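Everything below concerns the one structure shown next.
Just so we're clear, the structure is a prediction, and the values are computed from it rather than from any experiment. One-based numbering, in listed order, for ligands and for the atoms of each.
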Amino acid sequence: MHKGILSIIGDTPLVRLERAIEDCHFNLIAKMEACNPGGSIKDRSALKLIDHGIETAAINVGTTIVESSSGNMGIGLAQACAYYGLSFICVVDPKATVQNIRLLETYGAHVEMVTQPDAGTGEFLQARINRVQELLGAIENSFWPDQYSNIYNALAHHQTMHEIAVALDGKLDYLFCATSTCGTLRGCAEYVRDNGVQTKIIAVDAIGSVIFGGPKAKRLVPGHGAAVRPPLYRPGLAETCIQVSDLDCIVGCRRLAQREAILAGGSSGGMLMAVEQFKENIPANSTCVVILADRGERYLDTIYSDVWVKEHFGEVSQLWAKAEKKKPACLTATY
Ligand SMILES: Cc1ncc(COP(=O)(O)O)c(C=O)c1O
């Protein structure tokens, strides 16, 4: 018997993917972060940040938690705050989906919407941070987890990597890891470094994200990618970085659903297509883990909606051919 919902965060299962990649010459395994009770890998970070705040007395019974997030981190924090009886203000922007706002409110979070991008940068991200700062100034006894800078976000993922390493008895050749705050990447990479695990880490980022360089561009699939390089980023965390497009995410998600009966979120589809792009570099019989960060239900009106896909990317029946024709977007330098 588990003691409360937060105690079942983590220890997510590994599932062998035997159908997603045709004629696959290596073992491909998915770490199913959708099995966290809030539906994503961010449950781990949210819990770690709140628990650390409680342990250091930065958070007490009357504290209001304030964070900027339109997605999984907000939901993870809303879940943890609901369990601990803490007030939570989640600052979102108009890109937040109706479903995510409903989920946040259902957990009892107060949702604050910024309506205009920051005048200086043109970014909603900066506008959300500005609003967080205003709220922190205005609310006595408030606490900002600050997922982009707080090292405890990364420390939460030492455990993620530990679970994988233990389950595979240290025999893991490649880990594919999606990036946004870089919490997962940094936590897993530092665990590998500090524990002598012989695993090559492949970062998977969005085309149009600036984390690993490259020009900033509009992205439609939320979750992975960042418009500003996060303070948690460090050079050298990954062997290489593969950038995936929104179209890759859509094709990969639909492939996971059709071939593996896994209904996963956008970055998971991108991860599968990153493996597809990189597969010729993987020696036969290697073992590869892809971290599938979240559930697909949050993307029913976008990635899994033929109407939405047709509006943004054209005929659904031609998507696979389009994605396959695209030149691999594998970056070459060391990351
Ligand atoms: C769906 C999804 N994939 C990947 C990531 C990237 O994780 P991280 O913030 O640890 O870099 C996130 C982060 O919110 C996410 O929501």
Side-chain angles (χ1 to χ4, degrees), residues 12 30-34 36 38-49 67-78 90 92 95-97 99-100 103 125 128 145-161 175-191 201-206 209-212 219-234 237-238 241-244 246 248-250 252-253 256 262-274 290-299 302-303 335:
T12 51
K31 178 79 168 156
M32 300 296 296
E33 290 300 307
N36 285 303
S40 88
I41 193 164
K42 301 303 282 196
D43 282 11
R44 296 175 184 265
S45 311
L47 180 60
K48 189 82 174 173
L49 295 178
E67 182 60 293
S68 151
S69 166
S70 295
N72 289 326
M73 183 64 172
I75 294 166
L77 283 171
C90 191
V92 307
K95 288 189 257 178
T97 63
Q99 193 189 15
N100 279 358
L103 281 166
L125 174 65
R128 285 195 264 131
D146 193 4
Q147 59 162 332
Y148 284 92
S149 307
N150 192 327
I151 190 64
Y152 281 82
N153 174 9
L155 291 176
H157 298 291
H158 285 200
Q159 175 62 20
T160 312
M161 190 62 215
L175 177 78
F176 285 75
C177 177
T179 52
S180 179
T181 64
C182 293
T184 314
L185 173 66
R186 183 153 167 193
C188 291
E190 289 182 346
Y191 180 94
I201 300 200
I202 313 295
V204 180
D205 195 22
S209 160
V210 304
I211 302 173
F212 298 91
R219 295 172 283 120
L220 293 178
V221 175
H224 60 308
V228 176
R229 179 176 279 170
L232 283 179
Y233 168 86
R234 290 286 177 281
L237 292 172
C241 168
I242 298 175
Q243 287 190 310
V244 291
D246 287 343
D248 287 325
C249 297
I250 294 162
C253 278
L256 278 171
I262 293 175
L263 187 65
S267 67
S268 301
M271 301 283 282
L272 182 66
M273 298 309 274
V290 287
I291 300 178
L292 302 189
D294 68 348
R295 284 183 196 152
E297 283 88 339
R298 288 171 195 164
Y299 305 80
T302 53
I303 286 173
Y335 292 90

Give me the pairs of N or O atoms, one from ligand 1 and one from the protein, that sit under 3.5 Å apart.
residue	atom	partner	partner atom	Å
ligand 1	3 (N)	Ser267	OG	2.7
ligand 1	9 (O)	Lys42	NZ	2.8
ligand 1	9 (O)	Thr181	N	3.0
ligand 1	9 (O)	Thr181	OG1	2.6
ligand 1	10 (O)	Thr184	N	2.9
ligand 1	10 (O)	Thr184	OG1	2.5
ligand 1	11 (O)	Ser180	N	2.7
ligand 1	11 (O)	Thr181	N	3.2
ligand 1	11 (O)	Cys182	N	2.9
ligand 1	16 (O)	Asn72	ND2	2.8

With sequence neighbours excluded, tell me which residues meet side-chain hydrogen bond (donor to acceptor under 3.5 Å, both in side chains) with Asn36.
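With sequence neighbours excluded, Asn36 shows a side-chain hydrogen bond (donor to acceptor under 3.5 Å, both in side chains) to Glu33, given in chain and number order.
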
Search all heavy atoms of Ala264 against all heavy atoms of Cys253 and return the closest pair with its distance.
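Nearest heavy atoms, Ala264 then Cys253: O-SG, 3.7 Å.
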
Working to the nearest 0.5 Å, report the span between CG of Asp294 and OH of Tyr299.
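Asp294 CG to Tyr299 OH: 3.5 Å, rounded to 0.5 Å.
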
Go through the structure and list residues passing side-chain contact (heavy atoms from CB on, under 4.5 Å) with Asn100, not counting sequence neighbours.
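Partners of Asn100 under the side-chain contact (heavy atoms from CB on, under 4.5 Å) test: Ile75, Thr97, Leu103, Arg298.
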
For Ala30, side-chain contact (heavy atoms from CB on, under 4.5 Å) partners two or more places apart:
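Checked Ala30 against side-chain contact (heavy atoms from CB on, under 4.5 Å); matches are Leu17, Met32, Val290, Leu292.
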
Within a radius of less than 6.0 Å around OH of Tyr152, do more than 12 heavy atoms belonging to other residues, nucleotides or ligands occur?
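Not more than 12 within 6.0 Å, no.
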
